[in-house]
Amino acid sequence: MVLFWLGAMSLLAQDWRLVWSEEFTSDGRPDSTVWNYEQGFVRNHEAQWYQAENAFQKDGLLVIEARREQRSNPTYREHARHWGQQRKTIDYTSACLTTQGKYSFLYGRLEVCARIPTAGGSWPAIWTLGSGMEWPSCGEIDVMEYYRINGVPHILANVAWGNDQRYQAVWNSKKIPYVHFTQRDPDWAQRFHVWRMDWDETAIRLYLDDELLNEVPLSTTVNGSIGRNSNPFHRPQYILLNLALGGDNGGIIDDAAFPMRYEIDYVRVYQK
């Protein structure tokens, strides 16, 4: 209660006002007026098939559950060019929820309280994307990613925008070794943590439990010619929550760790 009061006083002192939230208080399916679900094999050569069935609300949490499954891939096509259509089977399933077309915001504070899976192959994320331009000129903000780099677990805080080459991003990334957090708290993975983005007309600042991980001046985030030299971070962004497996960054999947659960307590947006 004391911590809650101190947090509320901090928000009041800065004139922050809660303008949108998802608290996940009802059991069952997430609110369909807020959340969409990605479907199938989507990006980064990831191992999971995304489907809505792997996301549910229970005991005040949004749970994204990754599972081992095996069935035929309904999109398989012999000699297909898309990597997802080249796979004959689905071996893992998970979920990616987005607010695209239903909720977006421009500037403010985004807070997500979550407990993430840290087993081998897990790649949970909290991120935002813009609309109206193809990636990366639309802008991407990775409030949180967790995965292994050369076998070593890291937590990442990134911002990406476009350059003069299609589908090639300019990245401002901070990669913090996971041990940085577990040295201070060996039970870090068993606890919920608060990831925060403070975004205004001048900068994007990304925090974990009030520790600043990355600060990106918006004077540096100007698109190249494909994005018409615009700045994507002066336009609204929508929210994505997902648990990926393997693929380009996730690493070797620990099959003994299933089902993996990514648990989100709340998602809140404040503005001044």
Side-chain angles (χ1 to χ4, degrees), residues 22 24 27-30 35-71 73 83-84 87 89-98 112-127 142-158 175-182 185-195 208-209 239-267:
E22 276 284 271
F24 309 116
D27 287 356
R29 306 297 303 163
W35 299 104
N36 311 297
Y37 303 92
E38 293 189 335
Q39 180 72 24
F41 294 118
V42 179
R43 63 178 70 84
N44 300 324
H45 305 97
E46 293 159 2
Q48 79 289 336
W49 173 273
Y50 278 139
Q51 58 185 22
E53 294 85 341
N54 292 59
F56 56 91
Q57 295 178 178
K58 186 174 182 181
D59 299 329
L61 301 173
L62 168 64
V63 180
I64 300 176
E65 187 171 80
R67 304 167 185 155
R68 288 189 69 189
E69 300 189 36
Q70 189 162 60
R71 62 180 190 267
N73 174 9
W83 60 270
R87 295 178 174 177
T89 61
I90 295 166
D91 300 308
Y92 303 93
T93 60
S94 188
C96 177
L97 293 83
T98 90
V112 180
C113 180
R115 178 164 57 190
I116 66 171
T118 58
S122 61
W123 185 356
I126 302 162
W127 49 309
D142 299 324
V143 182
M144 179 273 291
E145 288 189 286
Y146 168 92
Y147 57 75
R148 283 164 168 74
I149 301 173
N150 297 322
V152 178
H154 283 71
I155 286 176
L156 298 93
N158 316 312
K175 304 175 178 70
I176 300 95
Y178 180 54
V179 70
H180 171 79
F181 306 99
T182 57
D185 180 4
D187 296 323
W188 191 97
Q190 281 70 57
R191 306 189 197 282
F192 283 82
H193 302 275
V194 176
W195 280 269
L208 170 50
D209 292 334
I239 300 166
L240 302 94
L241 304 170
N242 71 290
L243 174 53
L245 301 167
D248 294 343
N249 290 326
I252 298 172
I253 299 170
D254 180 2
D255 284 340
F258 288 89
M260 293 185 192
R261 288 166 62 102
Y262 173 19
E263 299 169 312
I264 298 99
D265 187 13
Y266 61 76
V267 182

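Only a predicted model underlies this, so the values are computations on that prediction, with no experimental measurement involved. Position 1 is the first residue of the sequence; numbering continues from there.
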Restricting to non-hydrogen atoms, name the atom on [X] and the atom on [Y] that form the minimum distance, rounded to 0.1 Å.
| X | Y | result |
| --- | --- | --- |
| P30 | W35 | CB-CD1, 3.9 Å |
| P153 | G151 | CD-O, 3.7 Å |
| Y146 | T118 | OH-O, 2.9 Å |
| L243 | S94 | O-OG, 2.6 Å |
| A55 | L97 | CB-CD1, 3.7 Å |

Side-chain contact, heavy-atom cut-off 4.5 Å: [X] with [Y]?
| X | Y | result |
| --- | --- | --- |
| F24 | V63 | no |
| Q48 | M260 | no |
| F181 | D209 | no |

Hey, could you give me the [atom1]/[atom2] distance between [X] and [Y], rounded to the nearest 0.5 Å?
| X | Y | atom1 | atom2 | value |
| --- | --- | --- | --- | --- |
| L208 | I176 | CG | CD1 | 8.0 Å |
| H193 | I116 | NE2 | CD1 | 7.5 Å |
| D265 | L62 | CG | CG | 10.5 Å |
| D27 | L61 | CG | CG | 9.5 Å |
| E263 | K58 | CD | NZ | 10.5 Å |

For [X], enumerate each residue passing the salt bridge (charged side-chain N to carboxylate O under 4.0 Å, His left out) test, keeping only those at least two apart in sequence or located in another chain.
| X | result |
| --- | --- |
| R148 | none |
| E38 | R43 |
| E22 | none |
| E53 | none |

Exercise. Under 30°, 30 to 60°, or over 60°: which ring-plane class applies to Y147 and W123, parallel, tilted or perpendicular?
Worked result: perpendicular
Exercise. Relative to each other, are the rings of W188 and Y178 parallel, tilted or perpendicular (30° and 60° limits)?
Worked result: perpendicular
Exercise. Going by atom types alone, do W127 and N158 pair a side-chain donor with an acceptor below 3.5 Å?
Worked result: no
List the residues meeting side chain to side chain donor-acceptor pair (under 3.5 Å) with [X], not counting sequence neighbours, and say none if there are none.
| X | result |
| --- | --- |
| H45 | D248 |
| W49 | none |
| D91 | Q70, T89 |

Please enumerate all residues that pass side-chain contact (heavy atoms from CB on, under 4.5 Å) together with [X], with sequence neighbours excluded.
| X | value |
| --- | --- |
| R29 | Y37, A52 |
| A114 | V112, W195, Y262, I264 |
| D59 | none |
| D255 | R68, Y92, I253, F258 |

Exercise. What pairs meet the salt bridge (charged side-chain N to carboxylate O under 4.0 Å, His left out) rule with one or both residues in residues 185-195, with sequence neighbours excluded?
Worked result: D185-R191, D187-R191
Examine distances only and state if a side-chain atom of [X] and a backbone atom of [Y] form a donor-acceptor pair shorter than 3.5 Å.
| X | Y | result |
| --- | --- | --- |
| D254 | A119 | no |
| N54 | E65 | yes |
| E145 | L156 | no |
| S122 | P117 | yes |

For this session: Please assess W83 against N44 for the test side chain to side chain contact (heavy atoms under 4.5 Å, CB included), listing each intermediate value before the final yes or no.
Result: CA-CA 9 Å; W83 60 270; N44 300 324; over 6 Å; no
